[in-house]
Every structure is written in structure tokens, then in C-alpha cells.
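Chain identifiers are assigned alphabetically (A, B, ...) following the order of the sequence lines, protein sequences preceding nucleic acid strands; residue numbering begins at 1 within each chain.
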Protein chains: 2
Amino acid sequence: MAGKATQTALPSIDPEEACPIAPVVDIVFSRWTTPILWTLNMHGRQRFVELERRIAAITPKVLTQRLRQLERDGMIVRTYHPEVPPRVEYEITELGRSLAPLFANLAEWASTNLAKVDLARHDYDTAAAR
Amino acid sequence: MAGKATQTALPSIDPEEACPIAPVVDIVFSRWTTPILWTLNMHGRQRFVELERRIAAITPKVLTQRLRQLERDGMIVRTYHPEVPPRVEYEITELGRSLAPLFANLAEWASTNLAKVDLARHDYDTAAAR
DNA sequence: CGGTATCCCTAGGGATACTG
DNA sequence: CAGTATCCCTAGGGATACCG
């Protein structure tokens, strides 16, 4: 708790506290998670190699890491089929699917506002050049 | 970002291509941006030091970096008042404010689903412990 | 197929100064 | 006040190789 014998005892707000959506951001918008969830949501249950190919550019190590994290967070389920060769399938859960409307909103925001961002960037850059 | 194609050229899909919301994520959900935008949206026009105190834990260097980036993206405006001592005010723009409903959705998702995530994590961890 | 196990490597955040 | 200017430092992503 706040000992503060020294000086810095202001009403400090954690970065997470200052912004109620910070926890969600950590869960949903960390690196590679949106492509993975998006792909799983669009194309349904998929095997490891399918995800690897669809997302491309991602390495197996990182894909595994993110899949584990998403599994732990209850966003996806992993099903292991002990066959030869082994088969593993990943599927989005109800919890994961509950993000779909959010993603749709984001996509809609993007389609109407991304151009404005580009314009703003261009303006900023050309203004700075002078 | 680099993007070196060291790998064999398959019908690769960019991480950005695989997921239509990837660009938005880069703009809106990169580190510290949500707390900054949230604070600016909630408390209106603010000076540098106010943001610094409200968000706490953030260093002036990083705060400056993110503010510049948000300004470049057209999400906030910076107003410099040449006084002594100097005064600078930051304010969210219309474009920035257009994210508010999105943030509200996220906050709502958080309030109904964050507990489920915690539960999933607990289940995962205790299952792994056995 | 579905992953580990390594090593490497750098972007970016933190701490600590210092200035106009 | 509102930032720069440095230095440091490590988490985490990429590349490569290998295993059950």
C-alpha cells in the first residue's frame, strides 16, 4: 500500500486502472492473436498446419505460443487425435466467438476511418518536411 | 517493421491481410495508446503533466512518443501556447472520439466476460498441475 | 504432422539526467 | 512546464534445427 514517507504519493493510477479496457487489450490484441482468432472464426475448426499456412509469416514457435495462450484464456479449444500421423484441431469457443461483433465493429471503423488516418499522416509528414 | 522474405514464397498471406482489423490494432491498441485516448476522452483537454500524472507509471519519453504518434494519426491535436512557462494542451479529435463506442463495447465485453477468462485460466492451470 | 529446443538479435520501454 | 538526450536492458519475435 502507500507508504510514501518521501514525496511521490499522488493519486497514482495504474496504466491498467486508468483505462478499463486495458485488460481486454492484453488478452485480445496482443501480437498475432487477432489474425488467429479471425481465421478460426472465419474458417472454422482447423489443423495446426492450416493456421500456419493461412497466417503465413508466423513461425511455428510463435504460433504455438499464441495458441497456448488463447487456449488458456478460454478463447479456443485444442483437440488432439492420437493417430498416425497425429492430428490436432483448433476451434474457437463461445467465449472467443463473443468477440465477433467487436471485431466487426473494428472492421467497420477501419473501412470508414482508415483513409482519414492515412490523410492525417500525410498532412503531418508534409507539414514536418517544411 | 522489416519484412524480409527469407522464407520460400508460398501463397503467403500477410498477417495484415489475413485479418482486416490488423491495421486498426496497430493504430489503436499499441502500447499506452488506449490509456491516453481514454483519459483524453474522459477528462477532455489536458496538459502534458496532467496526462503524465493521470496515467502514472509512464515516463515522459514514452508519453511524448505516443502523443506524437497519436497526433500524426489524427487522433489528438497538440496546441502549443508560447508563454512562460510554456503551456501545451492535448485534445482528442473527432476521429479519436469516433473510437468511443468501440471502447464502450470493449468495456462491456470486459465486464461480462473477463471473469470467464479468469476461470478458464484457473482451470487450465490447475489441470496442467495434475 | 505438430510441435520443441536453441540461439540470436533488435525494437522499444525504463531510468536518469539535462535544457529552452 | 514540456519536453530531449542517453544509456541500459530485457522480453519476445525470428531463424534454424531437431524429435515423437
J.: Separation of His81(A) atom NE2 from dG3(C) atom C1', in whole Å?
T.: 16 Å

J.: Round to a whole Å and report the spacing from CG of Leu51(A) to C1' of dG3(C).
T.: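 Computing the Leu51(A):CG to dG3(C):C1' distance gives 13 Å.
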
J.: Testing Val28(A), Asn105(A), Ile21(A), Leu99(A) one by one against Leu106(B) for a side-chain contact (heavy atoms from CB on, under 4.5 Å), which residue passes?
T.: Ile21(A)

J.: Tell me, with the steps shown, if Arg66(B) and Gln69(B) meet side chain to side chain donor-acceptor pair (under 3.5 Å).
T.: CA-CA 5 Å; Arg66(B) 304 280 87 152; Gln69(B) 178 187 314; 3.0 Å; yes

J.: Quick one: is Arg68(B) getting a side-chain N or O under 4.0 Å of the dT4(D) phosphate, OP1 or OP2?
T.: yes

J.: Is the shortest side-chain N/O distance from Arg87(B) to OP1 or OP2 of dA2(D) below 4.0 Å?
T.: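 Negative; the distance criterion is not met.
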
J.: Of all the choices, dA2(D), dG14(D), dT4(C), which nucleotide is nearest to the side chain of Val49(B) once you look at every atom?
T.: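 From the listed options, dA2(D) comes nearest.
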
J.: Return the nearest nucleotide to the side chain of Arg47(A); candidates are dG2(C), dG13(C), dA15(D).
T.: dG2(C)

J.: How many Å lie between CG on Leu63(B) and C1' on dA5(D), as a whole number?
T.: 17 Å

J.: Is the phosphate of dG13(D), meaning OP1 or OP2, less than 4.0 Å from a side-chain N or O of Arg31(A)?
T.: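 Checking dG13(D) against Arg31(A), no side-chain N or O comes under 4.0 Å of OP1 or OP2.
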
J.: Verify the contact: side-chain N or O of Tyr90(A) to OP1 or OP2 of dG3(C), cut-off strictly under 4.0 Å; return yes or no.
T.: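 Yes, such a contact exists.
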
J.: With a 3.5 Å cut-off and no angle check, do the side chains of Gln65(B) and Arg68(B) form a donor-acceptor pair?
T.: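 Short answer, no.
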
J.: For Leu67(A) and dG3(C), what is the distance between atoms CG and C1' respectively, to the nearest whole Å?
T.: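 My rounded result for the distance is 11 Å.
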
J.: Nearest whole Å is fine: how far is dG3(D) C1' from Gln46(B) CD?
T.: 17 Å

J.: Below 3.5 Å, does any donor atom in the side chain of Lys61(A) face an acceptor in the base of dG3(C), or the other way round?
T.: no

J.: With respect to the side chain of Phe48(A), which nucleotide from dG3(C), dG14(C), dC1(D) is positioned closest?
T.: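 Taking heavy atoms from C-beta onward, the closest nucleotide is dG3(C).
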
J.: Using modelled atom types and a 3.5 Å cut-off, is there a donor and acceptor pairing between side-chain atoms of Asn113(A) and backbone atoms of Trp109(A)?
T.: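 Judged by distance alone, yes, a pair lies under 3.5 Å.
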
J.: In whole Å, what is the span from the CD atom of Glu52(B) to the C1' atom of dC1(D)?
T.: 10 Å

J.: Take atom CD1 of Ile55(B) and atom C1' of dG14(C), then tell me their distance rounded to the nearest Å.
T.: 16 Å

J.: For DNA chain C, whose closest nucleotide is more 5', that of Ile58(B) or that of Pro60(A)?
T.: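 Nearer the 5' end of the strand: Pro60(A).
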
J.: Within the supplied structure, the quantity of interest is the number of heavy atoms (other residues, nucleotides, ligands) at a distance under 6.0 Å from His122(A) NE2; does it exceed 12?
T.: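 Not buried by this count: 12 neighbours or fewer within 6.0 Å.
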
J.: Rounded off to whole Å, could you give me the CG-to-C1' distance for the Asp26(B) and dA11(C) pair?
T.: 14 Å

J.: Respond yes when some side-chain nitrogen or oxygen of Arg78(A) is under 4.0 Å from OP1 or OP2 of dG3(C), and no when none is.
T.: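 Answer is yes, contact under 4.0 Å.
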
J.: From the options dG14(D), dG3(C), dG13(C), select the nucleotide whose nearest atom is closest to the side chain of Arg66(B).
T.: dG13(C)

